[in-house]
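Keep in mind that this is a model prediction, so the values were computed, not measured.
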Amino acid sequence: MKDKGIIVCSEDIDEGLSLQVWTKGACPRLVVFNRVKNTRKLMPFSWLERTDRSISLKSPKGGSANYTVEQLESAARRMLYEYAQDPLFKGLLWHSVIFMSDLLHTPRAVFDSSEYAMLHEDKRCRLWLLDMTDGDESGYFRPFFPRTPAEEEVFGGLPGVSANAGKNVADLKKTGVTRKLASVLPARWYDTPRVSAAAALLGFSLFYADSSALSSFLWDSVQGGVPSRQALAERPDDPETMRFARKMAGYVRHYFLVDKIQYSTEYDSFDALKSRGFNRKHRMTLNVGEIGPVEYTVTIYADETGQMAIGCAPMQYTDRHKGEMVFALPAEVYDAAIRNDSFAGGRDDFFTLASLVSAKLFSIWMERVRRFVDVFLSPGARA
């Protein structure tokens with residue numbers, strides 16, 4: 001392993017185990033170093049995302065020693081802080097944040113006003129619509145997300161911002177509106193692409209999906225020790241990256257709703273919700289990729305107090321969660337999500353259900369990854 005790369009930092013856990021960061025100038029790997037056997041095992045940093053994982057090694061005193069992810073977390077944070085001081089990584093991270101922000105803000109054009117009555121899913125999942133209904137020269141970038149009063153002030157009372165004959169995300173950003181939104185509410189507009197970029201560069205997952213294609217794309221942009229803006233101007237030919245961009249946008253749109261949703265897992269969601277006074281209303285099937293890597297049977301429940309619940313039973317085995325997923329929320333939260341996803345047009349319960357569930361799961365993924373990357377992303381964070 002050493003002749004192919006280098007160990008850039010290390011943390012001793014005890015006399016039997018050390019953790020290390022290994023790299024050969026691209027996406028780093030987590031190394032589990034068995035000090036008793038003098039052996040190393042390379043793993044992606046996404047291994048740390050599952051809190052139920054553990055390592056079992058032969059103990060120096062005989063027998064075996066077990067280490068949970070929680071026990072290894074502090075050491076991993078200290079190593080990532082040290083690794084992140086590398087000038088190349090710092091520069092690439094900055095460029096990658098811009099790249100992820102471009103994915104987040106990429107608009108879709110609407111040429112006929114009748115489209116607003118029932119938007120196509122490819123446009124419904126965007127945060128910006130380029131309104132071209134009055135011709136190219138009168139184009140407007142219209143926000144497709146709920147806004148706080150402070151965010152609304154960014155638009156100066158207008159329904160959007162003039163495109164000035166522009167059509168793409170670069171033209172949208174030239175107006176300064178995305179920068180102003182980030183300054184008003186950085187936790188929503190800045191932290192989302194920033195954590196996502198750090199996850200991709202370090203080998204964490206892309207919302208639990210494989211990040212290797214995007215990670216390779218970002219690291220391959222380094223030319224002569226410097227990230228190439230021209231290389232990052234392209235989009236990787238990777239469906240996982242595009243799927244992640246949609247999920248990221250859905251999280252940002254429903255940003256104010258996710259904390260009002262309670263998440264849990266149950267062996268049998270029907271029995272669990274029935275015991276809590278919920279009655280089954282209707283059922284649907286969500287396809288592979290909508291909320292996870294398998295199909296889900298999704299059942300909607302309601303109780304007499306105005307509370308709503310969503311039970312999600314995987315139709316095939318998945319290791320992302322144990323049992324069935326359950327989401328509990330006030331009915332008005334779901335109604336707000338329907339409005340957020342409609343652009344004053346027709347509602348699409350199928351789209352909103354998948355979008356809202358994904359937004360909650362995305363927030364859980366974000367918080368888990370932040371446990372490791374906030375140590376170098378946030379000033380004053382402690383390793």
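- In this structure, Met284 is not a member of the same hydrophobic cluster as Phe278, with clusters built from ILVMFWY side-chain heavy atoms closer than 4.5 Å.
- Classification of Glu73 and Arg368 as a salt-bridged pair holds, one side-chain N sitting under 4.0 Å from a carboxylate O.
- You'll find the side chain of Met100 reaches within 4.5 Å of the side chain of Leu214, heavy atoms only.
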Query - Pair Ser101-Lys173, side chain to side chain donor-acceptor pair (under 3.5 Å): steps then yes or no - result: CA-CA 10 Å; Ser101 176; Lys173 288 192 166 185; 2.9 Å; yes
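- For the ring pair (Phe, Tyr, Trp, His ring centres under 6.0 Å) criterion with Phe372, the lone passing option out of Phe45, Phe204, Tyr83 is Phe204.
- Close placement of the Phe144 and Phe343 rings is indicated, their centers lying within 6.0 Å of each other.
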Query raised in the report: For Cys312 and Ile291, what are the C-alpha separation, side-chain angles and deciding distance, and is it a side chain to side chain contact (heavy atoms under 4.5 Å, CB included)?
Result: CA-CA 9 Å; Cys312 301; Ile291 62 173; 4.0 Å; yes
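- With Arg276 contributing its side chain and Asp303 its backbone, the two residues share no donor-acceptor pair below 3.5 Å.
- Judged purely by atom type and a 3.5 angstrom limit, Ser216 has no side-chain atom pairing as donor or acceptor with the backbone of Ala213.
- Trp22 has its side chain out of reach of Leu30: every pair of non-hydrogen atoms, C-beta onward, lies at least 4.5 Å apart.
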Query raised in the report: Between Asn66 and Ser54, does a side chain to side chain donor-acceptor pair (under 3.5 Å) hold up when you go through it step by step?
Result: CA-CA 7 Å; Asn66 294 309; Ser54 63; 5.4 Å; no
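- Taking 4.5 Å as the limit, every side-chain heavy atom of Thr51 sits out of range of all side-chain heavy atoms of Thr68.
- Other residues, nucleotides and ligands place more than 12 heavy atoms under 6.0 Å from the CD atom of Gln71.
- For the residue pair Glu290 and Ser358, no side-chain donor N or O sits within less than 3.5 Å of a side-chain acceptor on the partner.
- The aromatic rings of Phe155 and Phe145 sit tilted, their planes meeting at an angle between 30° and 60°.
- Within a 6.0 Å sphere centred on CD of Gln85, heavy atoms belonging to other residues, nucleotides or ligands number more than 12.
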Just distance, no hydrogens or angles: give the donor-acceptor pairs under 3.5 Å from side chains in residues 88-99, sequence neighbours left out.
residue, atom, partner, partner atom, Å
Ser96, OG, Leu92, O, 2.7

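- Using a 4.5 Å heavy-atom threshold, the side chains of Thr133 and Asp112 count as separate.
- In the displayed structure, Gln316 atom CD is contacted under 6.0 Å by more than 12 heavy atoms of other residues, nucleotides or ligands.
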Query raised in the report: Which is it for Phe376 and Tyr81 under the ring-ring contact (aromatic ring centres under 6.0 Å, His included) test, yes or no, and what are the steps along the way?
Result: CA-CA 5 Å; Phe376 59 84; Tyr81 176 81; 8.0 Å; no
Requested in this report: Report the C-alpha distance between Leu17 and Tyr67 in whole Å, list the side-chain angles of each, state the deciding distance to 0.1 Å, and finish with yes or no for side chain to side chain contact (heavy atoms under 4.5 Å, CB included).
Outcome: CA-CA 9 Å; Leu17 173 66; Tyr67 308 85; 3.7 Å; yes
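- A cation-pi arrangement is present between Arg40 and Phe33, with the terminal nitrogen or guanidinium carbon under 6.0 Å from the aromatic centre and inside a 45° cone about the axis.
- Side-chain contact of Ser355 with Lys247: a donor-acceptor pair under 3.5 Å is absent, judged by distance alone.
- Of the possible polar contacts, one joining the Lys360 side chain to the Ile261 backbone as a donor-acceptor pair under 3.5 Å is found.
- At least one side-chain heavy atom of Leu72 sits less than 4.5 Å from a side-chain heavy atom of Ile13.
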Requested in this report: Kindly indicate, with the supporting measurements, whether the criterion side chain to side chain contact (heavy atoms under 4.5 Å, CB included) is fulfilled by Thr352 and Asn340.
Outcome: CA-CA 9 Å; Thr352 292; Asn340 294 347; over 6 Å; no
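- Residue Val298 is not grouped with residue Val326 when hydrophobic side chains (ILVMFWY) are merged at heavy-atom distances under 4.5 angstrom, including chains of intermediate members.
- Of the possible donor and acceptor atoms, none in the side chain of Ser269 sits under 3.5 Å from a partner among the backbone N and O of Glu266.
- Nearest heavy atoms, Phe141 versus Asn168: CZ-O, 3.8 Å.
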Report task. Begin from the C-alpha positions of Thr265 and Glu324 and carry the test side chain to side chain donor-acceptor pair (under 3.5 Å) through to its verdict. Result -> CA-CA 5 Å; Thr265 57; Glu324 302 176 5; over 6 Å; no
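- Few gaps surround CZ on Arg53; more than 12 heavy atoms of other groups in view lie less than 6.0 Å from it.
- Side-chain contact check for Met43 versus Val32: some heavy-atom pair is nearer than 4.5 Å.
- Tyr301 and Phe270 have tilted rings, their planes meeting at an angle from 30° to 60° on a 0 to 90° scale.
- The backbone N or O of Ala200 sits less than 3.5 Å from a side-chain atom of Ser215, completing a donor-acceptor pair.
- Using a 4.5 Å heavy-atom threshold, the side chains of Glu11 and Cys9 count as separate.
- Within a 6.0 Å sphere centred on NE2 of His120, other residues, nucleotides and ligands contribute 12 heavy atoms or fewer.
- Applying the side chain to side chain donor-acceptor pair (under 3.5 Å) test to residues at least two apart or on different chains, the pairs with a partner in residues 144-153 are Arg147-Glu152, Thr148-Glu151, Glu151-Arg188, Glu151-Trp189.
- Remark: Asp349 engages Arg347 in a salt bridge, criterion side-chain N to carboxylate O under 4.0 Å.
- With hydrophobic clusters built from ILVMFWY side chains whose heavy atoms lie under 4.5 angstrom apart, Val333 shares a cluster with Ile364.
- Residues Arg235 and Thr106 have side chains that bring a donor and an acceptor to within less than 3.5 angstrom of each other.
- Annotation for Asp122: atom CG counts as buried by contact number, over 12 foreign heavy atoms lying within 6.0 Å.
- Residues Glu82 and Met79 fail the side-chain proximity criterion, which asks for heavy atoms closer than 4.5 Å.
- Hydrophobic clustering (side-chain heavy atoms under 4.5 Å, transitive across Ile, Leu, Val, Met, Phe, Trp, Tyr) groups Leu127 together with Phe256.
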Query raised in the report: Can you check salt bridge (charged side-chain N to carboxylate O under 4.0 Å, His left out) on Arg77 and Asp374, steps first, answer last?
Result: CA-CA 9 Å; Arg77 284 167 55 85; Asp374 256 7; over 6 Å; no
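- Aromatic ring orientation, Phe244 versus Trp365: perpendicular (interplanar angle above 60°, classes split at 30° and 60°).
- When Arg246, Arg126, Arg108 are each tested for a salt bridge (Lys or Arg N to Asp or Glu O under 4.0 Å) with Glu121, only one passes: Arg246.
- For the side-chain contact (heavy atoms from CB on, under 4.5 Å) test with Leu129, the passing option among Glu115, Arg124, Lys123 is Lys123; the others fail.
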Requested in this report: Apply side chain to side chain contact (heavy atoms under 4.5 Å, CB included) to the pair Val110 and Leu130, showing each step before the final yes or no.
Outcome: CA-CA 6 Å; Val110 174; Leu130 173 57; over 6 Å; no
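- For the residue pair Tyr140/Asp134, the side-chain donor-acceptor check at 3.5 Å is not satisfied.
- Looking at Tyr116 and Asp131, their side chains do bring a donor and an acceptor atom within 3.5 Å of each other.
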Query - Residue pair Arg194, Asp191: steps toward the salt bridge (charged side-chain N to carboxylate O under 4.0 Å, His left out) verdict - result: CA-CA 5 Å; Arg194 187 175 60 157; Asp191 287 0; 2.8 Å; yes
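- At distances below 3.5 Å, at least one donor-acceptor pair connects side-chain atoms of Ser221 with backbone N or O atoms of Leu218.
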